[in-house]
Every structure is written in C-alpha cells, then in structure tokens.
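Reading through the structure tokens given below for one structure.
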Protein chains: 2
Amino acid sequence: MPYDPSVFPAFAVTVDLVVLTVRRHSLCALAVRRGEAPFKGRWALPGGFVRADEDLAAAAARELAEETGLLAHDPTLPVPPNAAHLEQLATYGDPKRDPRMRVVSVAHLALAPDLPAPRAGGDAHSVRWAPVGSLLDQDGAFGRDSDLAAPLAFDHARILADGVERARSKIEYSSLATAFCPQEFTVGELRRVYEAVWGVALDPRNFHRKVTGTPGFLVPTGGTTTRQGGRPAQLFRAGGATLLNPPMLRPEV
Amino acid sequence: MPYDPSVFPAFAVTVDLVVLTVRRHSLCALAVRRGEAPFKGRWALPGGFVRADEDLAAAAARELAEETGLLAHDPTLPVPPNAAHLEQLATYGDPKRDPRMRVVSVAHLALAPDLPAPRAGGDAHSVRWAPVGSLLDQDGAFGRDSDLAAPLAFDHARILADGVERARSKIEYSSLATAFCPQEFTVGELRRVYEAVWGVALDPRNFHRKVTGTPGFLVPTGGTTTRQGGRPAQLFRAGGATLLNPPMLRPEV
DNA sequence: CTGATTATCGTCAGGCAGACGACTATGATC
DNA sequence: GATCATAGTCGTCTGCCTGACGATAATCAG
C-alpha cells in the first residue's frame with residue numbers, strides 16, 4: 001500500500017545531530033550556519049532529511065560523516081581510528097517547530113574526540129565548534145554584537161540542551177567518556193574530559209584511584225607519554241565494559 | 001509551504017505506547033489484539049497515527065486516555081487521582097518495519113498504578129494486561145497453543161523490551177517507582193514494586209531504612225493501613241524529589 | 001640545580017549498604 | 001482468649017567506598 005495522504009497526514013522526517021567534543025578544556029558542539037530561509041544566517045545543528053529507504057541510524061551516520069568525516073561506531077566492532085559514538089537522543093515534533101511544514105526530527109547524540117584535522121567537506125565559515133555555553137547562553141560570552149549571540153535556529157537550543165544533559169549523566173554510569181578521548185589516553189586526559197563535561201574540578205588522586213579500580217574501564221597499553229607535561233603518564237585504552245560498576249559520581253550540586 | 005512529496009519522502013508518524021503496571025507481584029504491559037492486516041489477530045502495543053496538528057506528547061496522551069482512561073501526568077501539577085507517568089521512549093524507523101508504507105513510530109513509556117476498574121472504551125477480548133515475560137518469551141509460559149505465545153506484531157517486542165529496560169534503570173535513580181503505586185501507599189507496597197520490576201527479592205529492613213532515609217522521596221500522610229495484612233503500616237505519599245540521592249541500587253547481577 | 005607541573009601511591013575518618021537479630025501490631029485459627 | 005502467621009519497624013555490626021589530603025616520583029623550563 002503506498003502512502004495515501006487522504007488517510008494519514010504526511011510528515012517530513014529529519015535527523016539532527018548534537019555532536020560534542022572536548023577542546024581546550026571545554027565542551028563544544030558542532031554548529032552549522034544556515035544558508036537558506038527560515039533562520040537564514042543563524043547557527044543550527046547539522047542535520048538533514050531521512051531518505052526514503054534509509055534507517056534512522058543510517059541517516060544520522062551519513063550526516064555525521066558528511067559534516068565531520070567521522071564514522072559511527074558499531075560497539076560490536078573494534079574501534080576504528082576516527083570513530084564516534086552515536087546514539088539516538090529524542091524526537092521533536094511540535095507542529096510549529098518548522099514554519100514551512102510538518103517536520104519531525106529524530107535527534108541523535110554523537111561524541112567525538114577532539115579532531116586535530118579540519119573537517120572534510122565543509123567550508124570553514126559555515127561549520128564550527130562552539131562551546132556549548134555560548135550556544136545556549138543567548139547573551140553569552142560573545143556579546144550581543146556577535147553572530148554567535150543569536151539563539152540557535154528552530155528548537156535546536158532545546159535539542160542541544162537535552163543532548164548535553166544526556167552526555168553529562170551518561171558518563172556517570174557508562175564508559176562513554178572514553179569516546180571523547182583518542183584511542184590511547186592518560187588518566188589525566190580522561191579526568192579533564194569529566195571536568196569539562198561536568199564543569200567541575202575533580203581531585204586527581206581520587207579520580208585516579210577510582211578509574212583504575214573500576215573493572216573493565218581501562219586497560220593499560222604499556223606505553224607512556226609526556227604530552228601533558230610533567231611526569232610521564234601511563235597510556236590506557238578503553239576496556240570492554242560499557243556499564244561502570246561502581247559508577248563515577250558527579251559531585252554534589 | 002505545504003508538504004511537497006517531490007522534494008522529500010513522505011512518512012506516516014505514529015505513537016506506540018509501552019504501558020506498564022504491577023499486578024499480582026509481576027510487571028505487566030498493556031497489549032491490544034489487532035483487528036486488521038497486517039498481523040491481524042496478533043497482539044500489539046496500543047498506538048495510532050499522530051494527527052496533522054498534534055504534538056507527539058499530545059498524541060501519546062490521547063492514545064493513553066483512549067486505551068486506559070488514564071491522564072498523562074504533568075509533573076508541575078499535583079497528581080490527579082488517575083494519573084500516569086508518560087515520557088518519550090525512543091523512535092523506531094526501520095524502512096521495513098511496517099509492510100504497508102514508511103512509518104516512523106515514536107514510542108512512549110507510561111507507568112500506571114494497578115487499575116482496579118476495567119478500562120474505559122475497550123472491549124475485554126481485545127485489550128489486556130499481560131506479564132511482560134510472557135509477551136517477550138515467544139514460547140513462554142502459555143505454551144505454543146495459546147494465542148499469547150505468538151510474538152508481538154511489528155517490532156513491538158523490541159519496543160517493549162526497550163521500555164522495560166528503561167523502567168528498570170529509571171527507578172534506580174528517580175522516584176518513578178511511585179508512579180506504579182496508588183496515591184497513598186506503604187513502604188512494603190513500594191518494595192513489591194521494585195521487586196516486580198527488577199525481578200529480585202529485597203531485604204524489607206534495609207529497603208525500609210533506605211527509602212525513608214532518602215530526602216524528598218516519601219512524605220508520611222499520618223494514616224496507616226492493614227490492607228496487606230500483618231502489623232499496620234504507615235501510609236506515604238510521593239515527595240517532591242524526582243531524582244534520588246543516593247540512588248536505589250539494583251542488586252548485583 | 002631549582003622550581004613548576006603532572007602523575008601516582010598511601011592514609012585516615014565518615015558514611016552507606018548488606019546481613020541479620022529483635023521486637024511490634026495486626027488478623028486468622030483453634 | 002491463646003496461639004500462630006504475617007508484615008512492619010528499629011538496631012547492630014562489619015566491610016567497602018569516598019572525600020580530604022599528605023607524600024613521593026618523574027619529567028621540562030629556566
């Protein structure tokens with residue numbers, strides 16, 4: 001039976017991406033500048049329409065690859081070098097969220113390590129990493145004159161806030177924080193991820209005891225590095241565990 | 001701009017409901033028997049099409065009311081007598097999940113107290129509460145001859161499993177377990193909810209100490225009841241807290 | 001060599017959780 | 001009414017985890 005608009009209303013379905021990374025000690029999200037109305041010239045989350053024969057996760061992975069060159073990471077396979085964690089976040093379907101027509105957006109959350117290389121296939125003026133605080137604070141650090149001070153297009157501020165909150169809570173009880181790290185990383189680098197995502201300072205000694213004592217979280221590779229300065233630090237890779245037991249606890253409010 | 005199918009593919013959007021309750025010490029879900037092809041005669045989750053001008057949450061609340069008479073509960077308002085917790089669960093959009101056309105289903109999770117009254121507006125042969133184990137076990141407790149042994153229609157087994165898993169994990173760190181209880185309930189009744197949802201036995205003494213010691217979880221009403229037999233138990237109402245600190249910990253695997 | 005920086009190990013006290021004993025207040029049964 | 005079964009409530013004890021923080025180790029910049 002083909003789609004018959006006389007029986008059920010027709011919807012357009014999109015995927016929008018909250019792509020998070022940690023750069024220079026702060027949590028950043030990928031934003032693209034809109035080239036068309038509505039919200040022309042405003043910043044928005046990357047996204048696009050789901051194709052007629054495409055699964056939602058496939059559409060999200062395709063958009064992610066187009067914007068960043070990152071591959072979505074299938075948890076059952078070994079982690080390729082430029083893989084990102086990708087999961088469904090939530091779906092937004094307010095009838096008025098897009099002034100043009102009825103659009104339902106299935107938002108996805110992607111967590112990526114800091115990308116040293118520029119992104120593939122996007123010009124630098126229309127794609128950028130921005131600290132989530134400045135994207136969510138409407139009169140934020142950039143002041144009213146900056147184009148970054150304008151709120152995100154559509155309901156993307158809400159979607160971004162939901163994605164950030166998901167990331168903040170999920171690194172508590174899962175090993176997802178390692179998705180922000182390169183394949184090999186130190187305990188200190190992992191701690192800076194937690195500090196950036198939660199926006200708090202953590203005690204390095206207790207953090208070290210905790211993560212090295214949680215079974216399956218980290219496996220030592222044997223190597224060391226001094227790329228953070230100071231005493232050489234052991235390198236680790238993410239262990240097999242996805243759920244942390246005991247969990248990492250976010251400090252009191 | 002009206003919807004133009006030559007530019008973007010057209011989707012039908014539905015909401016499906018995982019409605020959970022605890023009856024006779026076991027976790028049960030609402031199932032409806034399909035009256036039409038495809039999957040005619042099979043059990044499925046309740047659901048329906050989202051209307052042209054309807055928000056996703058509104059569509060879910062409407063379906064819930066139609067099937068059960070329950071009102072969706074706005075957390076900012078006092079709890080009405082027959083309110084259920086309702087939240088978005090996840091969205092399922094495999095291109096082949098409905099053989100008729102391209103359907104994206106936004107699944108929602110509802111948690112309701114045990115309903116002593118029969119449900120409004122549904123005939124008893126086509127709507128029933130079934131233990132989630134029997135709905136998910138394809139050759140389960142009812143044997144191959146029972147119609148309940150047939151797997152759920154569409155991808156509803158997967159949706160139900162996701163909903164059950166969400167409920168199991170969410171009662172750990174939130175006060176959601178009270179959504180399964182009547183407005184006034186005892187510590188023992190709340191414990192039986194946890195035991196049914198998790199499928200484990202909990203120590204009554206430690207459980208009592210824990211829930212009464214968690215700030216904001218329970219507020220005593222002053223009354224007592226003996227409806228469970230034995231010594232009269234204090235009655236409580238759900239407190240204002242939505243997040244439990246410290247959380248209830250599910251016993252080891 | 002000295003100091004700054006980061007990593008790592010150790011210690012200690014407080015709190016929470018699991019195991020479990022003891023007691024209390026009801027209804028059911030003889 | 002005595003006894004029993006049932007459920008609720010209060011305590012105790014012990015081990016583990018956590019947060020606070022001292023101490024030491026290994027590098028780099030001057």
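The analysis underlying the following values was restricted to heavy atoms, covering all of them including side chains, and did not include hydrogens, waters or symmetry mates. To find a chain, count down the sequence lines: A is the first, B the second, and so on, and within it residues start at 1. Nothing here was measured: the structure is a model prediction, and the numbers come from that model.
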Problem set entry | Residue among B:V164, B:L176, B:I171 satisfying side-chain contact (heavy atoms from CB on, under 4.5 Å) with B:V197 | B:I171

For this session: Any pair with a residue in residues 209-226 of chain B that passes side-chain hydrogen bond (donor to acceptor under 3.5 Å, both in side chains), sequence neighbours left out, goes on the list, sorted by first then second residue, please.
Result: B:N206-B:R209

Exercise. Rounded to the nearest 0.5 Å, how far apart are CZ of B:R33 and CZ of B:R128?
Worked result: 9.0 Å

Exercise. From B:E165 CD over to B:L89 CG, what is the distance, rounded to the nearest 0.5 angstrom?
Worked result: 11.0 Å

List the atom pairs, with distances to 0.1 Å, where a side-chain N or O of residues 235-248 of chain A and a protein N or O form a donor-acceptor pair under 3.5 Å, not counting sequence neighbours.
none

Exercise. In chain order, what residues pass the ring pair (Phe, Tyr, Trp, His ring centres under 6.0 Å) check against B:H156, with sequence neighbours excluded?
Worked result: B:F154

For this session: Quickly work out the B:K210 NZ to C:dG18 C1' distance and round it to whole Å.
Result: 12 Å

For this session: Could you check how far CG of A:D203 sits from P of C:dT6, rounded to whole Å?
Result: 14 Å

Seminar exercise, completed: Footprint ends on DNA chain D, 5' to 3', for atoms under 4.0 angstrom from a heavy atom of chain A, come out as D:dT18 to D:dT27

Problem set entry | Terminal axis angle for the helix from C:dC1-D:dG30 to C:dC30-D:dG1, five pairs an end, nearest 10 degrees | 0°

For this session: Between protein and nucleotides 7-13 of chain C, map the contacts as a letter string: B base, S sugar-phosphate only, - none, heavy atoms under 4.0 Å, written 5' to 3'.
Result: BBBBB--

Problem set entry | Student check: side-chain heavy atoms of A:L45 and A:I159 closer than 4.5 Å | yes

For this session: Look only at the side chain of A:S126 and the backbone of A:V32, and say whether a donor-acceptor pair between them is shorter than 3.5 Å.
Result: no

Exercise. Can you check whether A:G222's main-chain N or O pairs, donor with acceptor, with A:Q234's side chain at less than 3.5 Å?
Worked result: no

Problem set entry | Member of A:D16, A:D162, A:D155 meeting the side-chain hydrogen bond (donor to acceptor under 3.5 Å, both in side chains) criterion with A:Y92 | A:D162

